[in-house]
Number of protein chains: 2
Amino acid sequence: MKAADKAKHRTDMISSALRSAILERVLMPGMKLPEDSLGERFGVSRTLIRQSLERLAAEGLVELRRNKGAMVAKPSLEEARDLFELRTQIEDLVISRVIKNMSPELLAELEAHLAKEVEAENASEPISIRLATEFHILLAKLAGSPVLLRYVEEIGYRCGLTLSLYARPHSTDCGIQEHRQIIEALSKGDEDAARKLMRHHLTAVADRALFTTEEGGPLLYLDALEPYAKKVRDGGA
Amino acid sequence: MKAADKAKHRTDMISSALRSAILERVLMPGMKLPEDSLGERFGVSRTLIRQSLERLAAEGLVELRRNKGAMVAKPSLEEARDLFELRTQIEDLVISRVIKNMSPELLAELEAHLAKEVEAENASEPISIRLATEFHILLAKLAGSPVLLRYVEEIGYRCGLTLSLYARPHSTDCGIQEHRQIIEALSKGDEDAARKLMRHHLTAVADRALFTTEEGGPLLYLDALEPYAKKVRDGGA
DNA sequence: GTATAAAGGATTGCATGCAATTTCACCAGA
DNA sequence: TCTGGTGAAATTGCATGCAATCCTTTATAC
């Protein structure tokens with residue numbers, strides 16, 4: 001058997017592409033996601049699209065209503081609050097585990113990511129939202145618990161989606177600075193400080209997001225998906 | 001539109017049936033789960049079976065290896081430890097939320113469940129494992145956070161599966177007594193006590209499960225599934 | 001002009017078919 | 001007997017087709 005059994009497959013690629021598109025606000029909350037059109041764009045049949053949608057639905061990024069098809073999830077403010085509260089508590093667990101595992105290699109990984117964030121600081125806003133989310137996910141990876149990682153991923157993605165609904169622009173600007181401080185506390189092994197910083201960081205993000213920018217109805221601009229779909233069709237990641 | 005839009009559908013029923021079968025040790029870890037045979041038994045096509053298996057795989061109860069089909073998951077001891085550790089921490093969150101929401105109605109629900117556990121005390125062991133798991137899930141329901149509920153469900157199920165692999169018989173006997181104490185502490189609003197009891201309860205369960213009863217190879221006794229499949233075919237829950 | 005009804009189109013739910021991959025059994029050769 | 005390889009059977013991966021459901025538009029009645 002070939003060494004690379006970890007070959008990601010089409011369903012994974014499609015899920016990832018859709019997830020990125022959602023988190024980068026290319027697909028806005030409420031947008032319909034018809035199986036046919038998506039399949040056509042990605043160059044696969046409805047079967048695979050359906051699988052991907054189901055996966056995203058399990059993550060809470062997509063809502064799946066029986067006989068009515070899928071749409072990008074539109075979390076209510078209440079759900080959003082619940083999510084952010086849970087997030088602070090879950091990430092507490094991450095912090096204490098990362099501190100236990102701390103090592104120079106881990107530190108290097110964290111700083112490398114921070115560098116990416118800095119680099120993209122002036123890129124488009126959606127991309128920096130995604131990178132900010134991925135900082136938290138990287139942290140969770142370093143915690144060494146696969147299940148915990150999954151939960152942080154899910155919550156992080158959903159919070160990202162929520163931000164795209166309720167947050168005003170520039171909500172992530174100071175995020176980078178806060179990330180830097182967290183890394184510093186971690187490197188010193190100061191669990192309390194890291195925890196406090198993380199709490200502060202998350203509540204800050206949440207609080208910045210408390211305006212209801214009521215949006216338009218469910219639209220269907222799948223055209224914006226094209227670059228994401230192309231990558232998949234060409235076999236990219 | 002009919003009032004009951006909550007009509008559970010076949011995929012849900014099949015997933016539930018398989019989940020119960022796994023938790024009740026009817027399907028043992030390592031057993032193969034071929035789509036065809038399952039479809040035949042449940043009276044549906046591979047499509048729905050596949051969906052169900054994928055769902056269970058997302059929950060960690062089933063392992064899905066590419067081109068090689070599904071089998072009941074066989075968590076390693078290491079994963080098991082991780083799971084139990086996470087569980088205590090997650091259930092801490094549940095406790096503090098339940099305390100906030102405490103009310104006579106909630107208390108009644110908890111005691112009703114406890115009564116069921118007592119009643120089934122002398123029933124078959126797998127069923128009491130399932131009931132014990134469901135106690136924790138009920139608690140999580142009362143915590144009022146859908147996401148937290150999902151996590152407790154998943155972790156609970158997976159721990160149940162783990163117990164079926166590593167635990168020796170009678171590992172749940174004193175569980176009921178401990179559940180009773182937890183309810184008591186909750187009713188008094190004593191968060192610390194409840195938390196300690198829960199911790200103690202969970203670590204006790206985990207510690208009882210530290211023997212490696214190495215198992216046989218992957219077998220295929222799908223016949224034992226028959227009663228579960230029949231329920232689904234007849235439209236039961 | 002509003003409201004209700006019916007028809008047509010669009011979209012999902014599920015089963016089935018075919019190609020690709022894996023598994024197993026069997027057999028040759030050392 | 002053990003190793004290695006070859007072919008057939010079993011099983012999954014994916015696409016497609018048909019029926020059922022839902023949505024929209026048009027037509028009809030009041």
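Protein chains get the first letters and strands the later ones, always in sequence-line order, with residue 1 at the start of each.
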Worked check of side-chain contact (heavy atoms from CB on, under 4.5 Å) between B:L142 and B:L110: CA-CA 9 Å; B:L142 306 182; B:L110 286 170; 3.8 Å; yes
[X] [atom1] - [N] [atom2] separation (whole Å):
X     : N      : atom1 : atom2 : value
B:E35 : C:dC14 : CD    : P     : 16 Å
A:L53 : C:dT11 : CG    : P     : 14 Å
B:R65 : C:dT23 : CZ    : P     : 8 Å
B:M71 : C:dT22 : CE    : C1'   : 16 Å
B:R10 : C:dT12 : CZ    : C1'   : 14 Å
B:E54 : D:dC14 : CD    : C1'   : 12 Å
A:H9  : C:dA20 : NE2   : P     : 15 Å
B:L38 : C:dA15 : CG    : P     : 14 Å

Side chain of [X] only, heavy atoms from C-beta on: which candidate in [options] is closest?
X     : options                : value
A:D36 : C:dT12, C:dA15, D:dG13 : C:dT12
A:N67 : C:dC14, C:dT23, D:dT21 : D:dT21
B:R46 : C:dG13, D:dT12, D:dT16 : D:dT12
B:T47 : C:dC14, D:dA15, C:dA15 : C:dA15

Ion pair check, B:D82 and A:R97, cut-off under 4.0 Å: yes
Pair B:E154 + B:R158, salt bridge at N-O below 4.0 Å: yes
Phosphate contact (D:dC23 OP1 or OP2) by A:K68 side-chain N/O below 4.0 Å: yes
Side-chain N,O (A:R66) to OP1/OP2 (C:dT11) below 4.0 Å: no
Steps toward side-chain contact (heavy atoms from CB on, under 4.5 Å) verdict (A:E226, A:R41): CA-CA 7 Å; A:E226 181 53 24; A:R41 282 201 176 270; 2.9 Å; yes
side-chain hydrogen bond (donor to acceptor under 3.5 Å, both in side chains) evaluation trace for A:E78 with A:S76: CA-CA 5 Å; A:E78 195 185 359; A:S76 70; 4.8 Å; no
